[in-house]
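It should be emphasised that the depicted structure is a prediction, and the values quoted were computed from it without experimental measurement. Residue numbers count from 1 along this sequence.
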Amino acid sequence: PGGKYPMVASAHMSVVTARVAGVKRVIACAPPLHGGPHPAIVAAMHLGGADEIYVLGGVQAVAAMALGTGTIAPVDMLVGPGNAFVAEAKRQLFGRVGIDLFAGPTETLIIADESVDGEICATDLLGQAEHGPTSPAVLLTTSEKLARATMAEVERQLLRLPTAELAGKAWADYGEVIVCESDEEMVREADRIASEHVQVMTSDPDYFLNNMTNYGALFLGPRTNVAFGDKVIGTNHTLPTKKAARYTGGLWVGKFLKTCTYQRILTDEASGLVGEYCSRLCMLEGFAGHAEQANIRVRRYGGRNAA
């Protein structure tokens with residue numbers, strides 16, 4: 001991961017997930033701290049089960065893992081967070097190796113009604129906006145009163161938040177407050193936005209769980225929040241952004257598993273029967289060579305010419 005702050009939690013999000021899937025070789029990279037290994041990140045990678053750990057970050061780490069070096073054998077798949085340069089490097093290498101997701105800036109969407117107040121909504125919006133100046137932070141609500149209270153509280157909290165320079169820029173350029181008529185309209189808007197993180201703080205959060213389809217992860221109720229998911233709650237924090245939640249979910253064990261198929265026909269009768277159907281379909285599509293693969297088996301194993 002790139003950036004000023006260490007993403008310790010990324011170790012168990014990436015390394016443990018691969019290890020549980022049965023990946024035979026898991027290597028991990030993290031940028032140096034003061035010219036040496038970052039002790040917390042290295043410890044997390046080690047405890048997560050990494051086989052090899054390298055003090056290397058950014059695009060250099062991505063290239064080393066995907067292409068290999070004199071001392072690092074290449075891998076088959078790249079996963080994990082990073083800055084915009086890391087994301088672009090992964091995009092360019094996709095195909096040569098597998099990747100988890102095409103990652104963009106962190107996104108957060110809060111769906112709220114008057115069962116909560118502006119302070120908690122503002123706290124949770126700014127808590128994710130601090131990821132960077134291009135991180136969208138959006139409030140959906142059926143309460144104009146809550147909308148105005150949240151906007152006022154955001155401005156108040158920016159006066160004392162240590163990361164206000166980043167969070168304030170993100171809020172100014174990418175923040176939104178959308179007032180809807182009903183929960184049904186909020187579901188439609190939320191699915192249109194297809195946010196990476198969706199925090200639901202309403203009187204009936206299960207309504208959104210049961211009706212929404214486009215999101216990276218849902219965080220239900222005011223006792224839950226995105227930071228819990230990012231760090232400790234157990235679900236994976238590598239999630240789809242830029243509306244990719246329309247067609248994919250986040251990183252999970254299954255991402256490291258392949259579906260490998262095999263075929264075997266055991267009887268002459270079966271080979272001849274399948275061959276006749278295959279031959280006709282191949283000729284319909286104009287593939288004479290394919291058809292002959294079927295025809296020879298109809299003759300040899302079916303004892304007849306293909307119809």
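- Shown here is F102, whose CZ atom has more than 12 heavy atoms of other residues, nucleotides or ligands within 6.0 Å.
- The CG atom of D183 sits 6.5 Å away from atom CG of D113, with the distance rounded to the nearest 0.5 Å.
- Remark: R148 CZ is loosely packed, at most 12 non-hydrogen atoms of other residues, nucleotides or ligands lying under 6.0 Å away.
- Partners of D51 under the side chain to side chain donor-acceptor pair (under 3.5 Å) rule, at least two apart in sequence or in another chain, are R19.
- Between K169 and E165 no salt bridge is recorded (no basic side-chain N to carboxylate O distance below 4.0 Å).
- For D206 (side chain) and L209 (main-chain N/O), no donor-acceptor pair under 3.5 Å exists by modelled atom type.
- A 4.5 Å side-chain heavy-atom check between L146 and C121 finds at least one atom pair inside the cut-off.
- A heavy-atom distance below 4.5 Å is not found between the side chains of L218 and P205.
- For the 3.5 Å distance criterion, the side chains of S182 and E184 qualify, holding a donor opposite an acceptor.
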**Request:** I would like to know whether H237 and S10 meet side chain to side chain contact (heavy atoms under 4.5 Å, CB included); could you show each step before the answer?
**Result:** CA-CA 8 Å; H237 74 192; S10 297; 3.3 Å; yes
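- Hydrophobic side-chain contacts under 4.5 Å tie V79 into a cluster, directly or through other members, with V15, V23, V26, M77, L251, F256.
- In the displayed structure, R156 atom CZ is contacted under 6.0 Å by more than 12 heavy atoms of other residues, nucleotides or ligands.
- At least one donor-acceptor pair closer than 3.5 Å links the side chain of H12 to the backbone N or O of K231.
- A continuous path of hydrophobic side-chain contacts links V16 to V253 [ILVMFWY only; heavy atoms under 4.5 Å].
- Nearest approach of F85 to V59, heavy atoms of both residues: O-CG2, 3.6 Å.
- Judged purely by atom type and a 3.5 angstrom limit, R223 has no side-chain atom pairing as donor or acceptor with the backbone of G221.
- With rounding to the nearest 0.5 angstrom, the CD atom of E130 is 12.5 Å from the CG atom of L125.
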**Message:** Could you go through I99 and R91, starting from their C-alpha distance and side-chain angles, then the distance that decides it, and tell me whether this counts as side chain to side chain contact (heavy atoms under 4.5 Å, CB included)?
**Reply:** CA-CA 8 Å; I99 66 170; R91 187 192 69 79; 5.8 Å; no
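- Note on I110: it does not cluster hydrophobically with M186, by side-chain heavy-atom contacts below 4.5 Å among ILVMFWY residues.
- Residue A21 comes nearest to L257 through the heavy atom pair O-CD2, 3.5 Å, listed as atom of the first residue, atom of the second, then distance.
- Relative ring orientation between F219 and H197 is described as tilted, the plane-to-plane angle lying within the 30° to 60° band.
- Looking at every heavy atom in both residues, G80 comes nearest to K90 through O-NZ, 2.9 Å.
- The distance from atom CZ of R280 to atom CG of N295, rounded to the nearest 0.5 Å, is 10.5 Å.
- Considering CE of M212 and CD of E189, their distance stands at 11.0 Å, rounded to 0.5 Å.
- At a threshold of 4.0 Å, the pair K242-E107 does not count as salt-bridged, since none of the basic side-chain nitrogens sits closer than that to a carboxylate oxygen.
- In M283, the CE atom is not crowded: 12 or fewer heavy atoms of neighbouring residues, nucleotides or ligands sit closer than 6.0 Å.
- Considering L220, N225, D124, I111 as possible partners of M201, the one that fulfils the side-chain contact (heavy atoms from CB on, under 4.5 Å) test is D124.
- Residues V177 and T150 are not in side-chain contact: their nearest non-hydrogen atoms beyond the backbone lie 4.5 Å or more apart.
- Under a 4.0 Å N-O distance rule, the pair E185/R192 does not qualify as a salt bridge.
- The hydrophobic clustering, which links ILVMFWY residues whose side-chain heavy atoms are closer than 4.5 Å, places V198 and L140 together.
- With hydrophobic clusters built from ILVMFWY side chains whose heavy atoms lie under 4.5 angstrom apart, Y215 shares a cluster with V138.
- Of all heavy-atom pairs between T69 and A64, the closest is CG2-CB, 3.7 Å.
- At least one donor-acceptor pair under 3.5 Å links the side chain of R297 to the backbone N or O of Q293.
- When all heavy atoms of V116 and P222 are compared, the pair lying nearest together is CG1-CB, 4.1 Å.
- Atoms CG and CZ, from N211 and R188 in turn, are 11.0 Å apart once rounded to the nearest 0.5 Å.
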**Request:** Could you walk me through whether T108 and Q128 pass side chain to side chain donor-acceptor pair (under 3.5 Å), step by step?
**Result:** CA-CA 6 Å; T108 193; Q128 293 301 303; 5.6 Å; no
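- Both V200 and Y207 are members of a single hydrophobic cluster when ILVMFWY side chains are connected at heavy-atom separations under 4.5 Å.
- Considering only heavy atoms from C-beta on, E196 comes within 4.5 Å of T106 through its side chain.
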**Message:** Pair L67, L93 - check side chain to side chain contact (heavy atoms under 4.5 Å, CB included), show working.
**Reply:** CA-CA 9 Å; L67 307 176; L93 288 163; 3.9 Å; yes
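- Nearest heavy-atom pair, P81 versus V86, reported as atom, atom and distance to 0.1 Å: O-CG1, 4.3 Å.
- A distance of 4.0 Å separates SG of C29 from CE of M65, quoted to the nearest 0.5 Å.
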**Request:** Show your working on side chain to side chain contact (heavy atoms under 4.5 Å, CB included) between H131 and D230 and close with a plain yes or no.
**Result:** CA-CA 12 Å; H131 269 284; D230 277 347; 4.0 Å; yes
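- Each of T238, D100, N236 was compared with T17 under the side-chain hydrogen bond (donor to acceptor under 3.5 Å, both in side chains) criterion, and only N236 meets it.
- A side-chain donor-acceptor contact under 3.5 Å links D117 to the backbone of I120.
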